[in-house]
Amino acid sequence: MVAGRGMSPGVALDVLNGGGDATERHILFHLRLPRMLVSLGAGACLAVAGLVLQSALRNPLAGPEVTGVTPGAVLGAVAATALGLAGWDSPLAVVLAACAGGCGGAALLWLLGGRGRGDPAQTAVHGVLVSAVLGGLTAMVLLVEPGELGSVVQWLVGTTEGRVWQHWHLLWPWGLAWGAVAWLLAGPLTLLRCGDDIALAAGLAARRARTLALLCAVALTAGAVAAVGALGFVGLLVPHLAVAVFGADLRVSLPGAALLGAVVVCGADAVAQLSSQLLAATLDAGRLTLPVGALTACLGAALLLVVVRRTPSRTF
């Protein structure tokens, strides 16, 4: 709330205490507050989706990108913008286009994966292939509409810039509903983490449970990407942090992942805003914006390298 440009932290705190003029109150309550809430909601959705995927696929390196939903949502939003069907001035149309693209990417993964055979390794491999194909299609949009480069970069990198109340009103019911579904799947997901043989012996229909878990992860990812774009490494690393902090019981670690994901993305957004101001002052640039997705990608990649180097004998 106090990290953005346009007013000093002191003025922002004064507005929070009931002071300030109409312009300052508009900036804080109609620009900064919805941006903060969207950051919290998107981070929670991505973290829960990542933990659901890693549990269902029994793959510690599974993330929302492995479902093809993230590049599919980006393709949907960018294509709709290029065709003139949506734009940054119509958040509802962008969100609907991104959700449609995300569901399309998941459907393509489902078709390539043999319509629900549910093999974890095959699902991961096909997810990488689907993501590559959808990323190529997004690049082709630039050949047709090179003027959409700015939109493509924002969706590919991930940003919370310009988020308003309409984005939040579209995100929170979606995230709350599918987050509740993920929590109800805590028991089946725990059995899936033990292997299909143990799950079947316990009476669980492993294929059906895994399909429902993937659907839940797809929905959470599509909602988050539709709101803020493709934030890298949030859905991959935050679940590991949640399990380390809250334990392996998914009834506790799933809400814990939502909390940590919200804090990580919102904190990264605040750091990105402060860094943008420092860079603009250092480089003598009038306006310089560092996308939060660039910060999460750099920090996430660095943390992943540290983890891999500290555990060289671990098989991922």
Side-chain angles (χ1 to χ4, degrees), residues 1-49 73 77 86-96 98-99 151 154-155 157-180 220-231 234 238 255 257-280 287-296:
M1 293 288 286
V2 301
R5 57 166 58 91
M7 66 173 71
S8 66
V11 174
L13 291 174
D14 181 53
V15 174
L16 288 175
N17 289 326
D21 56 29
T23 301
E24 292 166 345
R25 288 194 296 270
H26 176 81
I27 292 175
L28 195 69
F29 294 118
H30 294 278
L31 297 178
R32 293 192 182 181
L33 181 57
R35 174 174 180 163
M36 183 188 72
L37 292 175
V38 169
S39 301
L40 292 170
C45 288
L46 288 174
V48 172
W88 294 108
D89 56 343
S90 56
L92 177 59
V94 174
V95 168
L96 291 177
C99 285
S151 298
Q154 289 198 38
W155 282 102
V157 175
T159 180
T160 56
E161 186 82 12
R163 296 311 181 258
V164 294
W165 282 114
Q166 191 172 358
H167 291 98
W168 169 243
H169 294 324
L170 293 169
L171 176 62
W172 79 260
W174 182 270
L176 182 62
W178 285 105
L220 287 169
T221 305
V225 174
V228 299
L231 294 181
V234 176
V238 173
L259 176 63
L260 290 177
V263 171
V264 166
V265 174
C266 191
D269 188 29
V271 173
Q273 292 185 63
L274 292 173
S275 301
S276 298
Q277 297 182 42
L278 292 176
L279 288 174
R287 178 175 176 82
L288 192 151
T289 300
L290 177 65
V292 61
L295 187 62
T296 60

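These numbers were taken from a predicted model, which means no experiment stands behind them. Hydrogens, waters and symmetry mates play no part in the numbers below; they use all other heavy atoms, side chains included.
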To the nearest 0.5 angstrom, please state how far the [atom1] atom of [X] sits from the [atom2] atom of [Y].
X: L220; Y: L46; atom1: CG; atom2: CG; result: 8.5 Å
X: W178; Y: C45; atom1: CH2; atom2: SG; result: 12.0 Å
X: M1; Y: L31; atom1: CE; atom2: CG; result: 10.5 Å

* To do: Please check if the side chain of H169 supplies one atom and the backbone of Q166 the other of a donor-acceptor pair under 3.5 Å.
  =>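 The answer is no, because no donor-acceptor pair under 3.5 Å joins these two groups.
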* Asked: Can you say whether the rings of H30 and H26 are parallel (under 30°), tilted (30 to 60°) or perpendicular (over 60°)?
  ->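 If you compare the ring of H30 with that of H26, the planes turn out parallel.
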Closest contact, heavy atoms only, [X] versus [Y]:
X: A257; Y: A47; result: O-CB, 3.1 Å
X: R32; Y: A12; result: NH1-CB, 4.0 Å
X: G43; Y: V234; result: O-CG1, 4.3 Å
X: V225; Y: A230; result: CG1-N, 4.3 Å
X: S276; Y: L290; result: OG-N, 2.7 Å
X: L28; Y: L16; result: CD2-CD2, 3.5 Å

What I'd like to find out is whether the side chain of [X] reaches to under 4.5 Å of the side chain of [Y], using heavy atoms alone.
X: V292; Y: L231; answer: yes
X: E161; Y: P291; answer: no
X: F29; Y: V15; answer: yes

* Set of side-chain contact (heavy atoms from CB on, under 4.5 Å) partners for A270, sequence neighbours left out ->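 side-chain contact (heavy atoms from CB on, under 4.5 Å) check on A270 returns A3.
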* Asked: Out of L170, L33, V38, which one pairs with W165 under the side chain to side chain contact (heavy atoms under 4.5 Å, CB included) rule?
  ->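 Answer to the side chain to side chain contact (heavy atoms under 4.5 Å, CB included) test with W165 among L170, L33, V38: L33.
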* **Sequence neighbours excluded - salt bridge (charged side-chain N to carboxylate O under 4.0 Å, His left out) pairs with any residue from residues 8-21** =>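 Every candidate salt bridge (charged side-chain N to carboxylate O under 4.0 Å, His left out) pair involving residues 8-21 fails, so no pair, neighbours aside, qualifies.
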* To do: Please indicate whether W168 has more than 12 foreign heavy atoms, meaning atoms of other residues, nucleotides or ligands, lying under 6.0 Å from its CH2.
  =>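 Yes - once you tally the heavy atoms of other residues, nucleotides and ligands closer than 6.0 Å, there are more than 12.
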* Which residues share a side chain to side chain donor-acceptor pair (under 3.5 Å) with T160, sequence neighbours left out ->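 T160 satisfies side chain to side chain donor-acceptor pair (under 3.5 Å) with R35, D269 once adjacent residues are dropped.
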